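Note that the structure is predicted; figures quoted are calculated from it, not measured. Naming: A, B, ... by sequence-line order, numbering from 1 per chain.
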Amino acid sequence: MAEQTGSDDLLGSLNPGQREAVVTGASHNLVLAGAGTGKTTTIVARIRHLIRQGTAPNRILAITFTRRAAAEIRSRVQTESRAMEGVGAMTFHAWAMREVRANPDVFGYEGWSVLDADDQAQVMRGVLGRGKRVEGLKASQIIDVVSFARNTRVTLADAIRAKFPDQTIDPKAIGAVVRAYEERKKERRYLNYDDLLLIFAARLADPQVAAWVGSHYDEILIDEMQDTNPLQWTIIDPLVPHTRFYCVGDDAQSIYGFRGADFASIHPFSERVPGARVMRLEDNYRSTQEILNLSNWLLSASPLEYGKHLRAVRGSGAKPELHSFETPQDEAGWIAGELRRAHEDGLPWNTHLILVRSNYSGRAIESLLIENDIPYVFFGGTKLLESAHVRDVLSALRVVANPDDEVAWLRLLTLVPRVGDRTAVRAFDALLAAREQGASARDARASALVSMPEWLRAGLDAIEDAANRVDDAVGRAAAMLTPVLATKYRNENWDARQRDLVHVERLAASRRSILEFIEEYLLSPVFTSELTAAPKDDDHVVLSTVHSAKGLEADWAFCAGVSPGAYPSSRALGDADAVEEERRVLYVALTRARDRLCVTRALFHTPVRAWVGGPYAMDVLEDAYFLSTLPEGLVAETVHVPQRAPRPGPPPGLAAPPEIDLGVDLGDLE
DNA sequence: GGACTCTGGATTTTT
DNA sequence: TCCAGAGTCC
């Protein structure tokens, strides 16, 4: 039996636990896979197994957390054979978007535009008007709290209490603003990320729709199940009777609580999904035992019972290193030096992974990598479609694709010299009025934009003519705006920005429409450095935020900035759940290393900022600091004291300082 | 009145 | 890098 033999090859490289997880015949499954236990391997093997068993690839859907994870699964599945092509792999948001766009008769919302976080804040700012704040909250904070409420499916008032426990905020005042914002969003036919999930979930509540959607798939696999939030569960629940679910996750790696995920939500999985079988993978294939000892200790120091104890199949290796420095700059400099040395010794750059807590802290390291000529990619850095100059160019495309897109119009119009907010708003109102009288988009532009320069009207017409060749349209928009952008960004790295525009043009090739192009990269962003920093070959260092590091591993991992006040973050203090999530963030970081783990920190330079309820003193941060109870012997510690050459004291016998006349010579004025 | 320029300050984490 | 605010210029 040829099929059976193939199956044996496929399963041969798996351990008994993985094999069992791959061939399970239960209708629904949850695989609790600890860090490094072969989670992705298991998912990929499961997909291959299903296909070998006769499932058509396009009846399998893998829900992943990021575009990168989706690409990884797709490529690992496809290396086997072309027969594997067609497996869907995408995020929840991309899935919802695809269903909504492909089936306007079922879901509606045809022609509505998706807004990213910045644009949502822009709409909210418009609602807030002059003061730009309500109850002390600014636009982006209100957007966040609304999103939290929807993703956790609680009321706005509860979300406000959860997000801002120390502040007295009148939920009614926020509610009024939010209502006005929702109204404006509807008027302009805007959707945000949450709306996509909500629309999908709301229609799935209809049993007929659920049966229909479910009938498209034999199995839906969900990666990173621990980070699935209540809103996403409302998509899963109605589909349970109609397809199979294969979920993989690890509660100890749940780090998306701020987005509504609850790490405990996978515990009652088998009650929530009737008939589900729960399996565990506990043998770690990634790291040495010493690295796991440190990781295991971190969890065991928690008041929560994680019940994790990772065992290293690979056995023993070097102790993790703990390096302390005076300042973050010293820390970053040392890391860059280590990478350089290793490269000179013949190790490729891609041996290394550097993990940081925030984008901000990554930038210090990024600049030292640049200084040392080390090729890198920064996952978590600036996203291409979120950078100001790319948004400028996209605004020209957006107004062509959707003439009602107010945010895009205002952005585009204010690029015109001598046009500010007021003039732009007036022009937009004129456009709307013309459209309401039945003018085509092109005619409305011709009549309403009479006072605008000719290049704008002609340029938009040219973009419209190229709308079905999206890369061409991007090129035309960039050409049209290059003169004004060159001025706007003349002191802000214009050359590099101009190169980005070429990348955008390339990404747009083969997209069917402007909206499809924008939506694809809005829902699955590309980081700028993925396109620019390591263009030559694949050998580069990976710098990543811990949150973007899901699924990443490397021979050497540097966890940077592991200082008091950072782990846990001072913002989490006072909230036990938040502190626990911080612990899991560090756990995810530590478990990325295969052979060498370097934990680095700047001890004498911790920023102690004023915070709601007063600044935290250093000793409070020290008390909460996870590594302050680190037992002897788990790590090899090095304290790096900067080498300062001693300077000789002043010459002996110097006269006492004389009084010096500090007044200015007034000359004739006297 | 509106546009533009400069400066200082702050920045968890992401679809 | 980005935003907000103040001050300046047309």
Q: Picking from B/dG2, B/dT14, B/dT12, which would you name as closest to the side chain of A/R357?
A: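 Selected nucleotide: B/dT12.
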
Q: In terms of side-chain heavy atoms of A/R497, which of B/dA3, C/dC2, B/dT12 is nearest?
A: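 Closest of the options to the side chain of A/R497: C/dC2.
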
Q: Side chains of residues 543-550 of chain A: which donor-acceptor partners sit under 3.5 Å, not counting sequence neighbours?
A:
from: A/T545; atom 1: OG1; to: A/S548; atom 2: N; distance (Å): 3.1
from: A/T545; atom 1: OG1; to: A/S548; atom 2: OG; distance (Å): 3.2
from: A/H547; atom 1: NE2; to: A/I255; atom 2: O; distance (Å): 2.8
from: A/K550; atom 1: NZ; to: A/E224; atom 2: OE1; distance (Å): 3.3
from: A/K550; atom 1: NZ; to: A/D227; atom 2: OD2; distance (Å): 2.1

Q: If I take atom CG in residue A/D116 and atom C1' in nucleotide B/dT15, what distance separates them, rounded to the nearest angstrom?
A: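 Nearest whole value for this atom pair: 11 Å.
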
Q: Whole angstrom is fine here: how far is it from CD in A/Q141 over to C1' in C/dC3?
A: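 My rounded result for the distance is 13 Å.
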
Q: For A/A572, answer base if it contacts any base atom (sugar-phosphate contacts may also be present), sugar-phosphate if it contacts only those atoms, and nothing otherwise; contact means non-hydrogen atoms under 4.0 Å.
A: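 Nothing: the residue A/A572, judged by heavy atoms under 4.0 Å, touches no strand.
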
Q: Where the side chain of A/R125 is defined as all heavy atoms beyond and including C-beta, which of C/dA4, B/dG2, B/dT11 is the nearest nucleotide?
A: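 Nearest to the side-chain atoms of A/R125, counting from C-beta on, is C/dA4.
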
Q: So, do A/Y109 and A/F107 have ring centers that fall under 6.0 Å from each other?
A: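 No, the ring of A/Y109 stays outside the 6.0 Å limit from the ring of A/F107, centre to centre.
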
Q: If you measure from CZ on A/R188 to CG on A/L115, what distance do you get to the nearest 0.5 Å?
A: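 Output value for this atom pair is 11.5 Å.
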
Q: Go through B/dT12, B/dT15, B/dC4 for me and flag the one nearest to the A/Y193 side chain.
A: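 Among the listed nucleotides, the one closest to the side chain of A/Y193 is B/dT15.
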
Q: Under 4.0 Å between a side-chain N or O of A/T545 and OP1 or OP2 of B/dT14?
A: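 For B/dT14, OP1/OP2 do have a side-chain N/O of A/T545 under 4.0 Å.
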
Q: Closest approach to the side chain of A/T423, judged atom by atom: which nucleotide of B/dT15, B/dG2, B/dT5 is it?
A: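 My answer, after comparing the listed nucleotides, is B/dG2.
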
Q: Separation of A/D144 atom CG from B/dT13 atom P, in whole Å?
A: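 One finds 11 Å between P of B/dT13 and CG of A/D144, rounded.
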
Q: Return all side-chain donor-acceptor pairs below 3.5 angstrom for residues 87-97 of chain A, not counting sequence neighbours, or 'none' if the list is empty.
A:
from: A/T91; atom 1: OG1; to: A/A94; atom 2: N; distance (Å): 3.0
from: A/W95; atom 1: NE1; to: A/E99; atom 2: OE2; distance (Å): 3.2
from: A/W95; atom 1: NE1; to: A/Y217; atom 2: OH; distance (Å): 3.3

Q: Of the listed nucleotides (B/dT15, B/dT13, C/dC2), which one gets closest to any side-chain atom of A/A388?
A: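 Output: C/dC2.
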
Q: With a 4.0 Å cut-off, would you call A/R161 and A/D158 a salt bridge?
A: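 A salt bridge links A/R161 with A/D158.
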
Q: For A/F92, which contact category applies under a 4.0 Å heavy-atom criterion: base, sugar-phosphate, or nothing?
A: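 Nothing, no nucleic acid heavy atom in range.
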
Q: In whole Å, I'd like the distance from the CG atom of A/D421 to the C1' atom of B/dC4.
A: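 For the pair A/D421 CG and B/dC4 C1', the rounded distance is 12 Å.
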
Q: Given atom CG of A/L198 and atom P of B/dT15, what is their separation to the nearest angstrom?
A: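 About 19 Å, once rounded to whole Å.
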
Q: Go through B/dT14, B/dC4, B/dT13 for me and flag the one nearest to the A/S358 side chain.
A: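 Out of B/dT14, B/dC4, B/dT13, the nucleotide with an atom closest to A/S358's side chain is B/dT13.
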
Q: By nearest heavy atom, map A/K138 and A/R363 onto DNA chain C; which one lands nearer the 5' end?
A: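 Mapping each residue to its closest nucleotide by heavy atoms, the 5'-most match is A/R363.
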
Q: Of the listed nucleotides (B/dT14, B/dA3, B/dT11), which one gets closest to any side-chain atom of A/R418?
A: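 So the nucleotide nearest the side chain must be B/dA3.
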
Q: Nearest to the side chain of A/Y256, heavy atoms from C-beta on, is which of B/dT15, B/dT14, B/dT11?
A: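 Between B/dT15, B/dT14, B/dT11, the one nearest the side chain of A/Y256 would be B/dT14.
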
Q: Where the side chain of A/S548 is concerned, which of B/dT14, B/dT15, B/dA3 is the nearest nucleotide?
A: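 Between B/dT14, B/dT15, B/dA3, the one nearest the side chain of A/S548 would be B/dT14.
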
Q: Hey, does the side chain of A/R259 come within less than 4.0 Å of B/dT14's phosphate (OP1/OP2), counting only N and O?
A: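 It does not, given that no N or O in the side chain of A/R259 lies less than 4.0 Å from OP1 or OP2 of B/dT14.
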
